[in-house]
Number of protein chains: 2
Amino acid sequence: MTSYKTEPPVLLAVDCIIFGFDGEGLKILLIKRGFEPERHKWSLMGGFVQPTESPEDSAARILKKLTGLTDVYMEQIAVFGKPDRDTEQRVVSVVYFALIDINKYEHVISHDYRAEWFPLKEVPQLIFDHNEMVEVAKKKLKYKAALYPIVFELLPEKFTIPQIALLYESVYDIDLDRRNFSRKLLSSGLIIKLKEKDTENSKKGAFYFKINTEVYKEKIMSFLRFLPGWPID
Amino acid sequence: MTSYKTEPPVLLAVDCIIFGFDGEGLKILLIKRGFEPERHKWSLMGGFVQPTESPEDSAARILKKLTGLTDVYMEQIAVFGKPDRDTEQRVVSVVYFALIDINKYEHVISHDYRAEWFPLKEVPQLIFDHNEMVEVAKKKLKYKAALYPIVFELLPEKFTIPQIALLYESVYDIDLDRRNFSRKLLSSGLIIKLKEKDTENSKKGAFYFKINTEVYKEKIMSFLRFLPGWPID
DNA sequence: ACAAAAGTGTTATGCGTACACCCATGA
DNA sequence: TCATGGGTGTACGCATAACACTTTTGT
């Protein structure tokens with residue numbers, strides 16, 4: 001035997017959970033599915049892996065198609081492959097999450113898909129097992145973000161410490177002591193203070209910071225804890 | 001369009017990284033591949049996902065076929081799906097790791113496969129991208145075991161604290177202070193002291209312990225740290 | 001008696017946390 | 001001048017980690 005001829009083929013898909021942060025709370029980007037089955041229902045953005053693509057390539061292509069963005073932080077979450085998860089035929093889906101700067105998205109929005117941002121707590125019913133995928137993605141994000149400073153991928157170039165705090169609060173659904181949080185973050189050397197202040201969101205105004213890319217690249221492969229206790233799960 | 005007919009099918013495989021611990025160090029179980037291509041070369045145990053199976057089912061079936069064991073701790077690691085990773089045709093592989101009690105294995109060993117245990121540091125060259133899979137598995141194990149007490153899955157029912165310490169040392173390739181480690185573990189309430197001692201491995205003898213299943217089931221979904229610092233990567 | 005491994009006691013240090021307090025500013 | 005959110009100072013406690021020391025037993 002020199003081939004796997006007797007083995008049953010499957011279709012390989014990719015689905016993306018796209019996280020964005022608008023200063024209010026964490027959101028995910030969903031589309032209205034444009035084809036049967038389950039046409040016009042809310043769904044994750046997805047597509048099929050092509051012969052020349054790895055699943056990673058495929059995920060990047062799909063993300064670009066919807067958001068226009070490239071070089072986005074993406075991470076493989078899991079494979080969903082129950083025999084009957086798709087009603088049509090056997091489709092196994094590799095699921096990724098992406099962290100994007102929501103502002104960059106807004107300028108490039110593709111109207112080919114009826115895409116909308118949903119707060120994490122108001123995700124509608126989705127097709128197939130997509131709700132389950134979202135749950136797993138949320139869990140993975142929590143897990144990972146507790147150890148690595150990946151949530152900065154969600155922020156614009158300039159951001160304030162209260163904003164980051166809000167972001168962490170949103171990811172973990174907790175309340176942080178902003179005072180301690182601020183110190184912890186500053187002492188990490190991960191962010192650099194700018195001259196400018198954000199005066200929109202408070203009377204006193206909060207200083208803008210930018211990422212210290214040197215330290216960031218180092219710590220993204222290491223880990224650190226900005227969070228009190230361990231509010232994962 | 002009510003079907004995905006134009007989409008290219010792929011073959012879906014599963015590969016298992018089987019970890020075992022023999023009191024010396026962490027090992028992985030490899031087989032000599034029994035069919036072409038790459039016949040007679042060292043390989044992970046694997047197989048194809050059947051029409052009625054989820055990838056999880058498939059992984060459990062494959063593990064049982066090699067080791068005779070069921071109800072084993074398994075975890076999905078990642079999907080490997082580069083277009084040309086298999087030389088024969090397009091095969092996408094879902095990779096799992098399994099943690100087994102090596103003693104249970106030894107009684108049920110299947111001789112259909114030429115299987116051998118290899119110390120983590122002496123893994124031979126494997127077919128395709130299997131070496132890469134092993135590396136990812138090691139990393140995931142470290143990551144997870146730093147937060148959850150999963151390594152106990154590798155131990156027999158009775159074990160000593162020095163054994164567990166050795167196991168952690170083996171997983172992380174570090175030296176632990178056995179004195180502090182012992183206290184930390186005891187104070188977690190995770191293990192219960194037995195009357196009996198292991199007198200084989202030392203003059204004084206070390207007390208045997210068993211898992212406190214109540215606490216274990218609770219903590220396996222939570223997390224705790226037995227390790228000083230954070231020796232992940 | 002000695003070596004070797006198991007295990008206990010003790011202590012310095014630092015981190016996490018709580019919270020009092022000060023600062024800047026718009027209304 | 002008061003309310004609001006941003007930010008600093010400080011103090012307490014507990015977990016960590018370092019390491020001196022005791023215990024047990026085979027040789």
Side-chain angles (χ1 to χ4, degrees), chain A residues 23-25 146-147 149 155 158-170 172 174-210 219 222-232, chain B residues 23-25 146-147 149 155 158-170 172 174-210 219 222-232:
Chain A
E24 299 269 303
L147 299 171
L155 294 169
K158 288 189 314 189
F159 49 81
T160 66
I161 294 185
Q163 262 177 50
I164 314 175
L166 193 68
L167 175 49
Y168 273 101
E169 287 177 332
S170 182
Y172 292 102
I174 51 167
D175 288 314
L176 288 173
D177 183 317
R178 308 301 184 89
R179 300 164 290 190
N180 290 331
F181 179 81
S182 160
R183 247 183 311 227
K184 207 167 184 172
L185 190 49
L186 280 168
S187 72
S188 73
L190 201 64
I191 57 175
I192 297 168
K193 196 178 205 163
L194 302 176
K195 300 261 158 81
E196 201 185 346
K197 269 189 171 185
D198 163 34
T199 52
E200 309 245 315
N201 297 299
S202 77
K203 293 168 185 171
K204 183 177 178 182
F207 278 105
Y208 279 116
F209 289 80
K210 64 173 181 179
K219 302 230 169 172
S222 133
F223 36 72
L224 73 173
R225 295 170 54 190
F226 295 135
L227 304 166
W230 277 85
I232 309 177
Chain B
E24 300 268 304
L147 299 172
L155 293 169
K158 289 189 312 188
F159 49 81
T160 66
I161 294 184
Q163 262 175 50
I164 314 176
L166 194 68
L167 175 50
Y168 272 101
E169 287 178 333
S170 182
Y172 291 102
I174 52 167
D175 288 315
L176 287 174
D177 183 318
R178 309 299 184 87
R179 301 163 290 188
N180 289 332
F181 178 81
S182 158
R183 249 182 311 228
K184 207 166 184 174
L185 190 49
L186 281 168
S187 72
S188 73
L190 201 65
I191 57 175
I192 297 169
K193 196 178 201 163
L194 302 177
K195 300 261 157 83
E196 200 185 346
K197 270 189 168 184
D198 162 35
T199 52
E200 308 245 315
N201 297 298
S202 77
K203 293 167 185 172
K204 184 178 177 183
F207 278 105
Y208 278 117
F209 289 80
K210 63 173 182 180
K219 302 231 169 170
S222 131
F223 35 72
L224 73 175
R225 295 170 54 189
F226 296 134
L227 303 166
W230 278 85
I232 309 177

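Below, chain A is the first sequence line, B the second, and so on; all start at residue 1. Hydrogens, waters and symmetry mates are skipped; everything else that's a heavy atom, side chains included, is used.
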(request) State which of C:dT10, C:dC21, C:dA5 makes the closest approach to the side chain of B:K204. (result) C:dA5

(request) Starting from C1' on C:dG16, measure out to CD1 on A:I174 and report it in whole angstrom. (result) 14 Å

(request) Give the rounded distance in Å between these two atoms: CG of A:D175 and P of C:dT17. (result) 14 Å

(message) Side chain of B:K184 only, heavy atoms from C-beta on: which candidate in D:dT16, C:dA6, C:dA24 is closest?
(response) D:dT16

(request) Decide whether a cation-pi geometry holds between A:K193 and A:F209; the criteria are a distance under 6.0 Å from NZ or CZ to the six-membered ring centre and an angle within 45° of the ring axis. (result) no

(request) Calculate the interatomic distance between B:L186 atom CG and C:dG9 atom P; express it in whole Å. (result) 12 Å

(message) Is there a side-chain contact between A:P162 and A:N201 in this structure, where contact means two heavy atoms from C-beta onward sitting under 4.5 Å apart?
(response) no

(request) Give the nucleotide from the list D:dA18, C:dC23, D:dA20 with an atom nearest to the side chain of B:N180. (result) D:dA18

(request) Using whole Å, report how far CG of A:D198 lies from P of C:dG26. (result) 13 Å

(request) Evaluate the side chain to side chain contact (heavy atoms under 4.5 Å, CB included) criterion for residues A:L166 and A:E169: first the C-alpha distance (whole Å), next the side-chain angles of each, then the deciding distance (0.1 Å), finally the verdict. (result) CA-CA 5 Å; A:L166 193 68; A:E169 287 177 332; 3.9 Å; yes

(request) Write down the distance between CZ (B:F181) and P (C:dT8), rounded to a whole number of angstrom. (result) 14 Å

(request) Measure from CZ on A:F207 to C1' on C:dA24 and round the result to the nearest Å. (result) 10 Å

(request) Return yes if the base of C:dG9 and the side-chain atoms of B:R183 contain a donor-acceptor N/O pair under 3.5 Å, otherwise no. (result) yes

(request) Let me know the distance between CZ of B:R178 and P of D:dA18, rounded to the nearest Å. (result) 15 Å

(request) Would you kindly compare A:R179 and A:K197 by the position of their nearest DNA chain C nucleotide and give the one closer to the 5′ end? (result) A:R179

(request) Can you figure out which of D:dG5, D:dA3, D:dA18 approaches the side chain of B:D177 most closely? (result) D:dA18

(message) Looking at A:G23, is its backbone amide N or carbonyl O close enough to the side chain of A:Q163 to form a donor-acceptor pair, meaning the two atoms are under 3.5 Å apart?
(response) no

(message) Can you measure A:Y208 atom OH to D:dG7 atom P for me and round it to whole angstrom units?
(response) 12 Å

(request) For the side chain of A:K203, starting at C-beta, report the closest nucleotide among C:dT25, D:dG5, D:dT25. (result) C:dT25

(request) State, yes or no, whether a side-chain contact exists between A:L147 and B:L147 at a heavy-atom distance under 4.5 Å. (result) yes

